[in-house]
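Throughout, a chain's letter reflects where its sequence line sits, starting with A, and its residues are numbered from 1.
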Amino acid sequence: MTHKAKPSRTLATSELARVEGEGAMRVEIRHGRVDEVQLNIYEPPRFFEGFLRGRRYSEPPDITARICGICPVAYQMSACRAIEDALGLQVNGQLRELRRLLYCGEWIESHVLHIHFLHLPDFFGLDSAVDLAGINRPAVERALALKKIGNELIELIGGRAIHPINVRVGGFYKVPTRRELVAFRPKLEHAREMAAEVVELVGGLDFPELEVEHEMVALRHPREYAILDGRITSDGGLDITEQEYPEHFVEEHVEHSTALHSQIRARGTYLVGPLARYRLNSDRLTTVAADAAGAVGLTSDCRNPFRSIVVRAVETLDVIEVGLAIVDAYDEPDRPHLEATIGAGTGHGATEAPRGLLYHRYTLSDDGVIADAVIIPPTSQNQAAIEDDLARYVQANIGLDDEDLRKGAEVTIRNHDPCISCATHFLDLTVVRT
Amino acid sequence: MIDVVIIGIGNTYRSDDGVGHAAAEALMGMVSDAEVLLLDGEPTRLVDAWAGRRLAIVLDAVRGGDPPGTVYRVEVGTDPLPAEFPHLSSHSAGLESAVALGRALDRNPGGLVVYGIEPADLSDGHGLSKAVELALPGLIHQVAEEVRSLCA
């Protein structure tokens with residue numbers, strides 16, 4: 001959606017209105033103390049939950065892919081895994097490897113976008129990647145080249161980059177040949193070189209001191225740096241299956257906000273995303289990624305959200321290395337997908353979207369029609385943690401004027417990589433001081 | 001590389017915001033001289049899509065205050081950045097970001113034309129409003145004619 005204002009022919013896009021709801025923050029300060037912070041950065045996909053009810057079990061992978069232009073694969077993977085759970089279908093072997101490879105493409109694309117076009121300009125006090133290109137054009141050129149390889153990988157496996165059309169319950173409509181994947185290898189090798197340079201670049205930044213205390217939640221897999229599946233774990237001792245998610249997570253009111261927030265039952269605010277993944281899974285990184293992380297001093301006890309830019313860079317390098325291994329071991333599966341036996345049931349699926357845990361739940365009736373759908377994206381799970389960080393930020397900087405406060409608040413939000421449109425310069429800040 | 005690209009942008013689950021995709025899909029079978037792409041409006045993808053092209057035509061829902069269904073055509077010069085574009089600090093995502101990024105990296109097309117339809121409804125939902133649906137054939141015809149006259 002584009003705005004054209006009269007009388008001059010001015011164009012201004014309203015990306016916020018298009019995808020993710022309004023970017024508005026309201027702060028109430030009473031007697032010099034932050035009383036309430038309310039942030040509207042993400043519209044949970046309630047429309048899609050309603051839209052899915054009454055549709056066939058086969059439809060969510062295509063429909064939910066439309067929720068986010070940046071992470072359609074995440075929505076497809078969580079949807080597929082939840083429906084397969086409901087139908088008692090296990091997708092393993094090379095089909096699972098292809099799903100991981102597809103997901104690697106999305107992580108490359110999404111992480112490179114966030115690192116360079118949203119987060120990095122903040123570290124140089126710049127407004128945008130356009131300004132960044134003015135002082136470090138090679139870094140922006142490299143980012144576009146790297147992002148494009150992620151894009152091409154999604155096209156290769158998913159059939160299309162924006163809303164992949166080749167994904168279905170049980171696997172894929174069509175699988176690539178071994179020759180096609182091997183032909184892609186040089187691009188991944190080039191991507192690996194570029195990603196290593198990105199780790200060096202962001203590892204050398206100056207990071208403001210900030211430690212967050214939220215409980216950190218991420219998937220954990222026995223062998224892999226979990227993306228596609230695993231147990232839901234936390235640094236507070238949580239260790240559950242996807243099926244147990246509803247017993248442990250709940251939407252509640254929190255102290256400084258009027259919006260409902262996702263909470264760990266009886267424990268409170270938590271954080272999903274790169275910091276949580278790295279904290280819980282750094283021992284599962286490939287050697288290449290672990291060495292690169294070590295070289296820039298990224299340790300697994302990192303709780304500084306500014307450093308999430310380094311984690312994203314390390315994760316980008318890691319998924320490229322994982323992608324290379326999948327390509328090398330690829331053996332074209334006999335069938336592009338497994339057939340499901342339709343029946344009634346409830347299924348749960350959690351995967352690691354680039355910005356954190358993405359949980360889907362579907363209840364099917366015995367004819368395969370969706371009776372209920374629940375989608376809990378990472379940004380809504382992080383809402384309470386982000387508001388908490390904002391409340392602390394505003395309290396610590398209460399003397400700043402509203403414009404400086406808005407800029408600082410935007411940086412605080414960007415650290416957590418909420419969905420794309422919200423992560424840019426977006427915030428409509430209202431400060432009420434009484 | 002085909003040197004004209006038609007790019008439909010928008011979100012088909014936001015009612016009339018799907019008009020860019022609807023128009024582009026219709027044009028796929030009508031114009032053989034242009035590549036037709038469906039994108040979501042993310043700036044780096046726009047830059048990748050139009051870099052090196054003689055002409056890029058972008059199709060989108062455009063809010064200009066005229067009655068729903070009104071078709072707009074705006075020629076956007078690309079170098080220097082047109083004064084009518086708002087400064088990037090207020091809108092980093094979207095078309096103007098893409099133009100600015102393309103300019104910074106010398107990746108803008110030779111010409112950029114934005115076609116749009118004034119939307120009636122941008123709420124969550126699948127499908128176009130009556131007013132936009134009625135205006136769509138006119139938009140498609142106009143774009144097809146422009147491409148044909150250019151490539152004749």
Side-chain angles (χ1 to χ4, degrees), chain A residues 1-19 43 45-48 50-51 63 66-70 72 109 112-113 116-118 121 126-134 137 140-141 143-145 147-148 151 160-163 407 420-426, chain B residues 9-14 16-17 19-20 37-45 47-48 51 58 60-66 70 72 74-76 81-105 107 114 116 118-119 122-126:
Chain A
M1 173 56 212
T2 304
H3 285 295
K4 171 181 161 287
K6 294 164 107 177
S8 65
R9 313 205 80 176
T10 303
L11 293 172
T13 55
S14 63
E15 198 73 8
L16 277 175
R18 167 177 294 149
V19 192
E43 191 72 30
R46 299 291 179 236
F47 159 73
F48 284 87
F51 189 71
I63 292 174
R66 305 276 178 162
I67 294 174
C68 177
I70 304 302
E109 212 189 347
V112 169
L113 184 75
H116 297 87
F117 295 89
L118 303 171
L126 300 172
D127 269 351
S128 72
V130 176
D131 298 333
L132 186 63
R137 180 168 170 163
V140 178
E141 298 269 15
L144 282 178
K147 185 174 176 295
K148 197 169 182 182
N151 204 65
R160 199 164 75 175
I162 307 299
H163 297 118
K407 282 185 183 166
I420 171 73
S421 57
C422 307
T424 54
H425 300 271
F426 65 96
Chain B
I9 62 177
N11 181 345
T12 53
Y13 284 91
R14 278 289 176 110
D16 287 339
D17 199 25
V19 69
L37 301 172
L38 304 179
L39 298 181
D40 57 352
E42 192 271 297
T44 66
R45 286 178 179 153
V47 171
D48 276 341
V58 173
D60 194 3
V62 169
R63 189 175 265 171
D66 290 325
T70 303
Y72 306 108
V74 183
E75 278 185 42
V76 181
L81 191 68
E84 68 262 31
F85 273 87
H87 187 264
L88 276 168
S89 61
S90 57
H91 302 273
S92 276
L95 196 55
E96 64 269 39
S97 295
V99 172
L101 185 64
R103 181 169 167 254
L105 302 174
R107 291 192 192 190
V114 179
E118 178 78 30
L122 292 171
S123 59
D124 286 333
H126 200 38

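No part of B/S123 comes within reach of chain A, as not one of its non-hydrogen atoms sits under 4.5 angstrom from that chain.
Interface summary for chain A: among B/H126, B/E118, B/R107, the most heavy-atom pairs under 4.5 angstrom belong to B/R107.
In this structure, B/Y13 and A/F48 have tilted ring planes: the angle between them lies in the 30° to 60° band.
Within the 3.5 Å criterion, the main-chain N or O of B/N11 finds no donor-acceptor partner in the side chain of A/R66.
The minimum heavy-atom distance between A/V130 and B/L101, with the atom names listed, is CG2-N, 3.6 Å.
Inter-residue side-chain proximity for A/L113 and B/E42 is flagged as met; some heavy-atom pair is nearer than 4.5 Å.
In this structure, NE2 on A/H163 lies 9.5 Å from CG on B/L38, to the nearest 0.5 angstrom.
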Candidate pair B/R45 and A/N151, rule side-chain contact (heavy atoms from CB on, under 4.5 Å), full reasoning: CA-CA 9 Å; B/R45 286 178 179 153; A/N151 204 65; 4.0 Å; yes
